[in-house]
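Inspection log for the structure reproduced underneath, given as structure tokens.
For the single chain, residues carry numbers from 1 onward in sequence order. Indexing begins at 1, ligand by ligand and atom by atom, following the structure's order. Keep in mind that this is a model prediction, so the values were computed, not measured.
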Amino acid sequence: MSLFDEFSFIHKIKPTKILHSELITPIGDDASVYKVLDGARQVVCVDTMVEGVHFLKEFSTPEEIGYKGLAVNISDLAAMASIPKYYLISIAIPPHWKEEEIIGIYQGMAKLAKTYMMDLIGGDTVSTGDKLVITVTVIGEIEKDHIGLRSNAMPGDVVFVTGTLGDSAAGLDLLLKKVSVRDPNISHFLINRHKYPSPRVKEGRYLSKMERVALNDISDGLASELHEIAEASQVSIKIEFRDIPKSKEILTLREDLIEKWVLFGGEDFELVGTASVDSWSFIKKIAKENDFQISKIGIVEKGPAEVWLQRDKVEQKLKKSGYNHFKQDR
Ligand SMILES: Nc1ncnc2c1ncn2[C@@H]1O[C@H](COP(=O)(O)OP(=O)(O)O)[C@@H](O)[C@H]1O
Ligand SMILES: Cc1ncc(C[n+]2csc(CCOP(=O)(O)OP(=O)(O)O)c2C)c(N)n1
Ligand SMILES: [Mg+2]
Ligand SMILES: [Mg+2]
Ligand SMILES: [Mg+2]
């Protein structure tokens, strides 16, 4: 990237329009300053995407990479039940990435940011040797008593998930040519689910109206995220394989692969959580009225922090397997 000029680049990616009037200093000073709602809580998190680990230039366009980079972060805000507001991008650029490709990444992010009313308020630009690294920080807000903590699960709760699971992992295996599908509509659907996850912000916001809700977003796989809730809440979780929602597209594929994708695949960016039985009746009603998919997949019980899977009337302990950056056991 010899023709890259850091300062003209920043000028090019600087947003021309600010969406939140609470923003006092946008890009251009040492840090960003904005007002927050009285009594509200601020929610901040960061996720990094690395070329070769999270995406490959061979099968993703810059816009797709940018979209997903922001989407996976918004998903963490959704998993706290919060309202997305701002984002910052730190990008380490190796020589084989052209400026127009980097701008493409920003365009992909900007498209999604508009949907969720998020302002880009800063970041950092550096050079690096080999792989592109994109670090996205997102900031949201939430009312003080309605946070979707992983530690909120209680015995007697219903366990639920949004959307359908396994599609993204199936889409990735199609892109990596580990599997093939004859019907182009099916492969298009699954690949799209991998490239364009829909952060469940709306769902998180409705769920935040409940008196208590535990939430986690599914980045490393359902089994792994359920274990995180079980450990944080010190409860036992029991789920039924049949009740896990699966798309009609994934159901056309091999059964053993479906099981692997659904339980351990990851990058679904759906929400998994628990709520009281009373809240659950209400949640089902709200979901119907507001057109979102949410399904009961199990129950929370007293007991050690374990996850049990019931399938064809056989119960087995579900291992905390899934995506692990330093231990690829699949
Ligand atoms: N290098 C790090 N330094 C400090 N905190 C970290 C680091 N990596 C992860 N964490 C924190 O550990 C927790 C679990 O991280 P992770 O599993 O990556 O979260 P998620 O899957 O929700 O993105 C989060 O609270 C995250 O902020
Ligand atoms: C080229 C490529 N190989 C493998 C994957 C699969 N993959 C990479 S990271 C990941 C898990 C989620 O990413 P992580 O950085 O762990 O997100 P977090 O849990 O911190 O939200 C998965 C399933 C991919 N998306 N692209
Ligand atoms: Mg998460
Ligand atoms: Mg995450
Ligand atoms: Mg992870």
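- Each of the atoms 11 (C), 12 (C), 16 (O), 19 (O) of ligand 2 lies under 4.0 Å from some heavy atom of D220.
- No donor-acceptor pair under 3.5 Å is formed between the side chain of E289 and the backbone N or O of I286.
- Inclusion of S219 in the set of residues having an N or O under 3.5 Å from an N or O of ligand 2 is warranted.
- Separation of the F269 and Y196 ring centroids does not fall under the 6.0 Å cut-off.
- At a cut-off of 3.5 Å, with distance as the only test, a side-chain donor of N216 or R150 sits close to an acceptor on the other residue.
- Inspection of the R193 and T164 side chains reveals an N or O donor paired with an N or O acceptor under 3.5 Å.
- Each of the atoms 23 (C) of ligand 2 lies under 4.0 Å from some heavy atom of G265.
- Every atom of ligand 1 with a heavy atom of D47 under 4.0 Å away is listed here by number and element: 23 (O).
- When non-hydrogen atoms are compared, ligand 1 lies under 4.0 Å from the side chain of R150 (C-beta onward) but not from its backbone.
- Listed by atom number, the atoms of ligand 2 under 4.0 Å from H194 heavy atoms are 25 (N).
- By the criterion of a heavy-atom distance under 4.0 Å, neither the backbone nor the side chain of N216 is placed next to ligand 1.
- The Mg ion (ligand 3) lies closest to atom OD1 when only the N/O/S atoms of D76 are considered.
- The two atoms that bring K319 and H227 nearest to each other are C-CE1, 3.5 Å, heavy atoms only.
- When each atom of ligand 2 is checked for a heavy atom of V53 under 4.0 Å away, the hits are 2 (C), 3 (N), 4 (C), 5 (C), 8 (C), 24 (C), 26 (N).
- Using a 4.0 Å cut-off to heavy atoms of S219, the atoms of ligand 1 that qualify are 21 (O).
- Residues K57 and E51 are not paired through a salt bridge, judged by the lack of any N-O separation under 4.0 Å between the basic side chain and the carboxylate.
- Using a 4.0 Å cut-off between heavy atoms, M49 makes no contact with ligand 2 at all.
- The name of the N, O or S atom in D217 nearest to the Mg ion (ligand 3) is OD1.
- Under a 4.0 Å criterion applied to the non-hydrogen atoms of H325, ligand 2 contributes the atoms 14 (P), 15 (O), 16 (O).
- Take K209 and apply the side-chain contact (heavy atoms from CB on, under 4.5 Å) test, not counting sequence neighbours, and it matches R205.
- A ring-centre distance under 6.0 Å is found for H20 and Y86.
- Defined by atom type and a distance below 3.5 Å, a donor-acceptor pair is present between the side-chain atoms of T162 and E270.
- In this structure, W280 and F160 have parallel ring planes: the angle between them is below the 30° cut-off, well short of the 60° mark.
- The aromatic rings of H54 and H325 lie tilted to each other, with the angle between the two planes from 30° to 60°.
- For ligand 2, the atoms closer than 4.0 angstrom to any heavy atom of L56 are 1 (C).
- Each of the atoms 20 (P), 22 (O), 23 (O) of ligand 1 lies under 4.0 Å from some heavy atom of D76.
- With a 4.0 Å cut-off on non-hydrogen atoms, V46 does not touch ligand 1 at all.
- Which of D217, I218, L172, N73 comes nearest to atom 5 (C) of ligand 2 through a heavy atom is settled by distance: it is L172.
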